[in-house]
Amino acid sequence: MPANAPPQSPSATANSSLHAVVADDFAAVNRTILDQLASRIPLVETIGQYIIESGGKRLRPLLVLLAARSLGYAGDRHVTLATLVEFMHTSTLLHDDVVDESHMRRGKATANDSWGNAPSVLVGDFLYSRSFQMMVEVGSMRIMEVLSQATCTIAEGEVQQLTNVGNPDTDEAAYFETIQGKTAMLFEAASHSGAILADATPEQEVALQHYGRYLGLAFQLIDDLLDYQGDAEAMGKNVGDDLAEGKPTLPLIQAMATGTPEQRTLIRRAIRQGGLDHLDEVLAIVHDTGALEYTRARAEEMADKALAQLDALPDSPYRDSMAHLARLAVDRQS
């Protein structure tokens, strides 16, 4: 890597096993991220760099790189594409933390906690706008179609999640519709757009689109499971945050479906009220009802579906990394 390459957090380094096969590409993405953060307004760069460098696995840009390379792409536009996908993701993080009134992400203070809501929202808008500038640079109308549709779907998913807050009548179908929009959609768009850039066959394009979708669902399911059994230090957030916000995620939905009337009543009350007054009782219920095992089983089902899509790709180290990523989705602890 060149001497002037930007510093990387341990979780984002290209030397990890996940990033090793695209190490040079990933280093180029990191350089492009900092280049594209340039603004005549210092606060834009300050907040943008803070959230970009605050950790995270950078899985969405990784998917772009792996998808394109797995199909033999030999150009350099995948770096721009991967960068803009990361900007799209980062902008949603800035907006989400404001909506959720979050104070910690990845073990650090959120941008809104440090600078306030208005700057965080506006810098999120800047990153979204910059991502669309880079879409034009990529120069593919089909990719623009996929990504612009994704932005609408993601926004709808976030609004749907907001309307579900405090609603204990949210069922499993509504939950999956929400996480498909707010989380899985950008995973899907990342792998799908990488396939398009590499001139995939129709079969390969659909396979990579679905791979990203199922991978994103698996990741969100494990995120929601870890909220009730994870390690706060490893996750960089507090156990029970979803309950505190009144979010009816799958562990709670399943616990209500299989628990006793008394258990169901307590969870319904906890969702309506939000907060952590009932955290200990809810933790006991989701363990006793097998709701966490059920959630993990659904995540493993999604990971298996993601793995099955890779049969459409030729053998390569890139395909192997995508397979590893699908397994990691359900094995991680943060």
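No hydrogens, no waters, no symmetry mates; every other heavy atom, side chains included, goes into these values.
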- Please determine if R298 and E172 form a salt bridge, counting it only when a charged side-chain N lies under 4.0 Å from a carboxylate O. yes
- Message: Between D35 and R31, does any side-chain N to carboxylate O distance fall below 4.0 Å?
- Response: no
- Item | R142 side chain near H192 side chain, heavy-atom distance below 4.5 Å | yes
- With distance as the sole test, does H287 use its side chain to make a donor-acceptor pair with the main-chain N or O of L283 at under 3.5 Å? yes
- Do M302 and L225 belong together in a cluster built from hydrophobic side chains that touch within less than 4.5 Å? no
- For Y50 and A109 the tightest heavy-atom approach is OH-O, 2.6 Å
- Indicate the atoms forming the closest heavy-atom contact of P248 with G246, along with that distance. CD-O, 3.3 Å
- Query: What distance do Q254 atom CD and T258 atom OG1 have between them, rounded to the nearest 0.5 Å?
  - Reply: 4.5 Å
- Between A218 and A329, what is the shortest heavy-atom contact and its length? CB-CB, 4.1 Å
- Which pair of heavy atoms, one from A150 and one from A189, lies closest together, and at what distance? CB-CB, 3.8 Å
- Item | Intermediate values then yes/no, side chain to side chain contact (heavy atoms under 4.5 Å, CB included), K182 and Q160 | CA-CA 9 Å; K182 80 180 191 70; Q160 185 173 16; over 6 Å; no
- Message: Using only atom types and a distance under 3.5 Å, with no angle test, would you say the side chain of R77 pairs donor to acceptor with the backbone of V138?
- Response: yes
- Query: Between D25 and H19, does any side-chain donor sit less than 3.5 Å from a side-chain acceptor?
  - Reply: no
- Using modelled atom types only, decide if a donor and an acceptor are shared between the side chain of S114 and the backbone of T110 within a distance under 3.5 Å. yes
- Indicate the ring-plane relationship of Y73 and H78, choosing parallel, tilted or perpendicular according to the 30° and 60° boundaries. perpendicular
- Query: How many angstroms lie between OG1 in T153 and CD in Q180, if you round to the nearest 0.5 Å?
  - Reply: 8.0 Å
- Path from V121 to F132 over hydrophobic side-chain contacts below 4.5 Å: no
- Query: Is I41 reachable from L127 through a run of hydrophobic residues whose side-chain heavy atoms are each under 4.5 Å from the next?
  - Reply: yes
- Item | L252 vs Y228 side-chain heavy atoms within contact, under 4.5 Å | yes
- Message: Under a plain distance cut-off of 3.5 Å, with no hydrogens placed, do Q220 and D224 share a side-chain donor-acceptor pair?
- Response: yes
- For L208 against S70, the heavy-atom pair lying closest together: CD1-OG, 4.4 Å
- Is the side chain of E45 donor-acceptor paired with the backbone N or O of S39 at a distance under 3.5 Å, no angle test? yes
- Task: Start with the C-alpha gap between R327 and E300, add the side-chain angles, then the distance that decides, and say whether salt bridge (charged side-chain N to carboxylate O under 4.0 Å, His left out) holds.
- Result: CA-CA 8 Å; R327 289 188 289 269; E300 290 172 349; over 6 Å; no
- Item | Within 6.0 Å of CD in E203, more than 12 heavy atoms from elsewhere | no
- Would you call V79 and V64 a side-chain contact if the rule is heavy atoms closer than 4.5 Å? no
- Query: Can you find a heavy atom in the side chain of L71 that is under 4.5 Å from one in the side chain of Y318?
  - Reply: no
- Item | Same apolar cluster: M134 and L34, side chain cutoff 4.5 Å | yes
- Message: For F87 and Y128, I'd like to know if the aromatic rings sit close, meaning centre-to-centre distance below 6.0 Å.
- Response: no
- Treating Ile, Leu, Val, Met, Phe, Trp and Tyr as nodes and any side-chain heavy-atom pair under 4.5 angstrom as an edge, say whether L310 and V206 lie in one connected cluster. no
- Other residues, nucleotides, ligands: >12 heavy atoms within 6.0 Å of E137 CD: yes
- Message: Could you check whether Y175 and N164, counting side-chain N and O atoms only, form a donor-acceptor pair closer than 3.5 Å?
- Response: no
- NZ/NE/NH1/NH2 to OD/OE distance under 4.0 Å, D223 and R332: yes
- Message: For the backbone of G166 and the side chain of R272, can you confirm whether one donor and one acceptor N or O come within less than 3.5 Å of each other?
- Response: no
- Message: Determine whether a donor-acceptor pair (N or O, by modelled atom type, separation under 3.5 Å) exists between the side chain of D242 and the backbone of K247.
- Response: no
- Item | Of M88, E156, M185, the residue whose pairing with T151 passes side-chain contact (heavy atoms from CB on, under 4.5 Å) | M88
- Task: Check step by step if side chain to side chain contact (heavy atoms under 4.5 Å, CB included) holds for L215 and L63.
- Result: CA-CA 10 Å; L215 181 69; L63 284 179; 3.8 Å; yes
- Task: Find out whether Y214 and E188 are in side-chain contact, i.e. whether some heavy atom of one side chain is under 4.5 Å from a heavy atom of the other.
- Result: no
Which pairs would a plain distance check flag for residues 264-271, meaning a side-chain donor or acceptor within less than 3.5 Å of a matching protein atom at least two apart in sequence or in another chain?
from: R264; atom 1: NE; to: M256; atom 2: O; distance (Å): 2.8
from: R264; atom 1: NH2; to: G259; atom 2: O; distance (Å): 3.1
from: T265; atom 1: OG1; to: P261; atom 2: O; distance (Å): 2.9
from: R268; atom 1: NH1; to: D169; atom 2: OD1; distance (Å): 2.9
from: R268; atom 1: NH2; to: D169; atom 2: OD1; distance (Å): 3.1

- Would you call R296 and E301 a salt bridge, using N to O less than 4.0 angstrom? no
- Would you check if E86 and I52 make a side-chain contact, meaning some heavy-atom pair closer than 4.5 Å? yes
- Message: Less than 4.5 Å apart, side chain to side chain, heavy atoms only: is that true for F176 and L221?
- Response: yes
- Note on the structure: From the list D96, V99, V98, L94, side-chain contact (heavy atoms from CB on, under 4.5 Å) partner of N112 resolves to V98
- For E158 and A155, indicate whether the former's side chain and the latter's backbone hold a donor-acceptor pair under 3.5 Å. no
- Steps toward side chain to side chain contact (heavy atoms under 4.5 Å, CB included) verdict (L325, Y211): CA-CA 11 Å; L325 186 53; Y211 168 82; 3.8 Å; yes
- Verify side chain to side chain contact (heavy atoms under 4.5 Å, CB included) between L147 and L84, making sure each step is shown before the conclusion. CA-CA 10 Å; L147 294 177; L84 75 88; 3.4 Å; yes
- For residues W115 and V123, determine if any side-chain heavy atom of one lies less than 4.5 Å from a side-chain heavy atom of the other. no
